[in-house]
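Notes follow the structure.
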2 protein chains.
Amino acid sequence: MKRVTVHDVAAEAKVSLATVDRVLNARPGVKAATIERVHAAVEKIGFTRDQHAANLAKRREYRICFLLPSGDSAFMQELRAEVESSVSVERQQRTFIKVRDILPFNGVSLVDALDAISAEEFTGVVFIATDAPQVKQAIKRLADRGVIPITLISDIPSSARAHFVGIDNTAAGRTAGSLLGRFVYPAGGKVAVIVGSMLLRDHVDRRLGFEQVIRTEFPGITLVPSMESNDDNTVAEKIVDELLVEHPDLLGIYNIGAAKQGLLASLKRHKRDGQVRVVAHDLTDDSKEALRGGAFDAIIHQDPPHQVRSAIRLVRAYADGRSFLESQERIRIDIFLRDNMPD
Amino acid sequence: MKRVTVHDVAAEAKVSLATVDRVLNARPGVKAATIERVHAAVEKIGFTRDQHAANLAKRREYRICFLLPSGDSAFMQELRAEVESSVSVERQQRTFIKVRDILPFNGVSLVDALDAISAEEFTGVVFIATDAPQVKQAIKRLADRGVIPITLISDIPSSARAHFVGIDNTAAGRTAGSLLGRFVYPAGGKVAVIVGSMLLRDHVDRRLGFEQVIRTEFPGITLVPSMESNDDNTVAEKIVDELLVEHPDLLGIYNIGAAKQGLLASLKRHKRDGQVRVVAHDLTDDSKEALRGGAFDAIIHQDPPHQVRSAIRLVRAYADGRSFLESQERIRIDIFLRDNMPD
DNA sequence: AGATACATGATTTACGTACCTCATTATATA
DNA sequence: TATATAATGAGGTACGTAAATCATGTATCT
């Protein structure tokens, strides 16, 4: 059971090793007929290139830059921790990862960071896109310089980014709507939405999907006009306070952004936790605790470790012009209840 | 920016290459003090062994055998398809995969298959465990022969298997209970459970978890005694027919096994699809269709591609005595609604 | 026919680690 | 002190592919 190597292919096709190499690596200077012969030989003896040997010989290296907001939301912290812990793992596969900080909610800072990256320095850049024309242009410049741009969490669909790693946020909103709708149905009644910022595309999309579903499928439910927390706990707490006072019959809340602590604090103070059905985003320590205690009913989640690994694999795949497994790179819209929480 | 190699470690530690090699590969014949020096040097200059070069030099090969039931449930078919499609991908990483058929629901067939495997032939075996003492003993013999046993989907916890790849089925049952409970609550009323076979540990566990949650958290809900479909559509259809006739006020069904077509057929014939809330297992073409049409409300799922990849990675990790990323190998209990279905 | 471009062969080096052999030096044991 | 044993060094080969160089053969064109 010896391994099938390029030498065997050469023998089988009755050509030299050099020609096999030319064919396999799509180098010029080989007749079409010869190319065919080599391919036939590959098929016949079942040759597959040894990835380890190939990578070693190619002495390929991948340098990836992650641009992460210096904000301190639990979700971002987990993402950052995941990136940092992948540094040593990925180094074994010749992938060198650097993290650069940018200011959160700040398009200019992102544009500056993108413009500061050269193809000599980095193979690809992974970042959370802010939906602004300047960012779009910066992505274009980046791609033109030969750096692979990968958007994470939040996308700019019509930009020059090679790939988006993240969930379909409209679908996530619809999912939240389906859940919360069923939870408060058939009683019917009022449901409120709290967004982080209407400037973030993912938040906007989530709200859109949520309202779609509620309006079309749960006609018994009334939507209370949504408010912006700016992902700030103090603001969120005030919003919920007012909400609970003004609508004592409130049945459910969909919390689109971060600032879950503020929401929880208000619910608890009004002794409405466990009564009002809550669907929120991102499985963090806070929300796990709230799920356990019954204050939250469901969490919509996108797995940070998976997203980080996926982004890294995608940079390598695009750099090599390789294809990749669609199914492995699709980020799922995870639903967590108390009972299917990890740990 | 040159790569840090073993040579650099040798220079830094002021020892020969041979000694560095002895230390890194834990070979005997090195003083404790010298080992320390080498480790210190590794730390200082940040050396990480190049996996590609290492694997190449080691000329390591992994041979993995998947034992799959020849049954034709959609879930098993997807699993099998995934294994087969991974053959060519994994070959590039020197992993050779073979599939062997065994009879479904048949412990003897599994035991025979396990006993027929030698360490010369295979590095590891991946199989769906049937919970029987004979199987447990066969696993022990297998492990003693030096083959790595990995259980998939269904486990025997106290056996000699190296690892279990799959979900916690009690938790899956609880998850189903939480969902269905909330869906039919606060109306209260009757909910029925249909199992595939009480001989399968995963089915038993699911029912257990489901009943736990319903009993403790949704006291308004009455559980209709559960019945066995043996994963047969004709049987399942008959069961549901009787159920719907006997309990016209039935609010929900938890379908634990396969045989979803029978369930659907009966519901449709009685024009109760969309009325009765249904939670079932495994996202297949049938259940996707049913989710879309509103006949099913939620599907509890375990991702076959992920499980196959995980099993393969685990065989390699155990074979090399390496550690692995817990988080990457944990199989999630996925919840799918119409709105977060893939595709 | 001679120049020219194209197609192919023959051969070599490099990648970074594993692993083997043989020689040499340091340390412990009798 | 002689001898056994442990610890280390020096050096080489192999793994399978990539990539380069130089030589040689063949067809094409004016």
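Proteins come first, then strands; the chains are lettered A, B, ... in the order of their sequence lines, and each starts at number 1. The basis for the numbers below is simple: all heavy atoms, side chains too, and nothing from hydrogens, waters or symmetry mates.
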Separation of [N] [atom2] from [X] [atom1] (nearest whole Å):
X	N	atom1	atom2	answer
A/Glu36	C/dT8	CD	P	13 Å
A/Glu61	C/dG16	CD	C1'	12 Å
A/Lys58	C/dT13	NZ	C1'	18 Å
B/Asp320	C/dA18	CG	P	11 Å
B/Arg91	D/dG16	CZ	C1'	16 Å
A/Leu56	C/dG16	CG	P	7 Å
A/His52	D/dT17	NE2	P	12 Å
B/Arg94	D/dG16	CZ	C1'	7 Å

* Short side-chain N/O contact to C/dT8 OP1/OP2 from A/Thr34, under 4.0 Å -> yes
* What class does the angle between the rings of B/Phe75 and B/His301 fall in, given that below 30° is parallel, 30 to 60° is tilted and above 60° is perpendicular? -> perpendicular
* For A/Ser85, enumerate each residue passing the side-chain hydrogen bond (donor to acceptor under 3.5 Å, both in side chains) test, keeping only those at least two apart in sequence or located in another chain. =>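 Counting only residues at least two positions away or on another chain, A/Ser85 forms no side-chain hydrogen bond (donor to acceptor under 3.5 Å, both in side chains).
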* To do: Using a 4.0 Å heavy-atom cut-off across all strands, classify A/Arg60 as base, sugar-phosphate, or nothing.
  => nothing
* Bend angle of the helix from C/dA1-D/dT30 to C/dA30-D/dT1 from five-pair axes at both ends, rounded to 10°? ->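 Angle reported: 30°, given to the nearest ten degrees.
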* Going through the distances and angles, do B/Arg91 and A/Gln51 end up as a side-chain contact (heavy atoms from CB on, under 4.5 Å)? -> CA-CA 9 Å; B/Arg91 198 167 44 182; A/Gln51 201 123 84; over 6 Å; no
Shortest non-hydrogen contact from [X] toward [Y]:
X	Y	answer
B/Arg60	B/Arg94	O-CD, 3.3 Å
B/Ala162	B/Ile148	CB-CG2, 3.8 Å
A/Thr48	B/Gln92	CG2-CG, 3.7 Å
B/Ile312	B/Thr95	CG2-CG2, 4.1 Å
B/Ile117	B/Cys65	CD1-SG, 4.0 Å

* To do: Identify, residue by residue, the members of residues 6-28 of chain B with a heavy atom below 4.0 Å from DNA chain C, and return them in order of residue number, or none.
  =>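 Heavy-atom cutoff 4.0 Å gives B/Val6, B/His7, B/Asp21, B/Asn25, B/Arg27.
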Could you check whether [X] pairs with [Y] (Lys NZ or Arg NE/NH1/NH2 to Asp/Glu carboxylate O, under 4.0 Å)?
X	Y	value
A/Glu90	A/Arg316	yes
B/Arg332	A/Asp303	yes
A/Asp8	A/Arg3	no
A/Arg330	B/Asp343	yes

* Residue met sooner reading DNA chain D from 5', once B/Ala57 and B/Ile35 are mapped to nucleotides ->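 Its nucleotide being nearer the 5' end, the pick is B/Ile35.
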* To do: Starting at CZ of B/Arg322, measure out to CG of B/Leu314 and round the result to the nearest 0.5 Å.
  =>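 One gets 10.0 Å once the value is rounded to the nearest 0.5 Å.
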* **Positions of residues 41-51 of chain B (non-hydrogen atom under 4.0 Å from DNA chain D), listed by number** =>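 Within this stretch, nothing sits under 4.0 Å of the strand.
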* Which pairs pass side-chain hydrogen bond (donor to acceptor under 3.5 Å, both in side chains) with one or both residues in residues 24-35 of chain B, sequence neighbours excluded? -> B/Asp21-B/Asn25, B/Asp21-B/Arg27, B/Asn25-B/Arg49
Could you run down the sub-3.5 Å N/O contacts of the protein with nucleotides 25-29 of chain C?
none

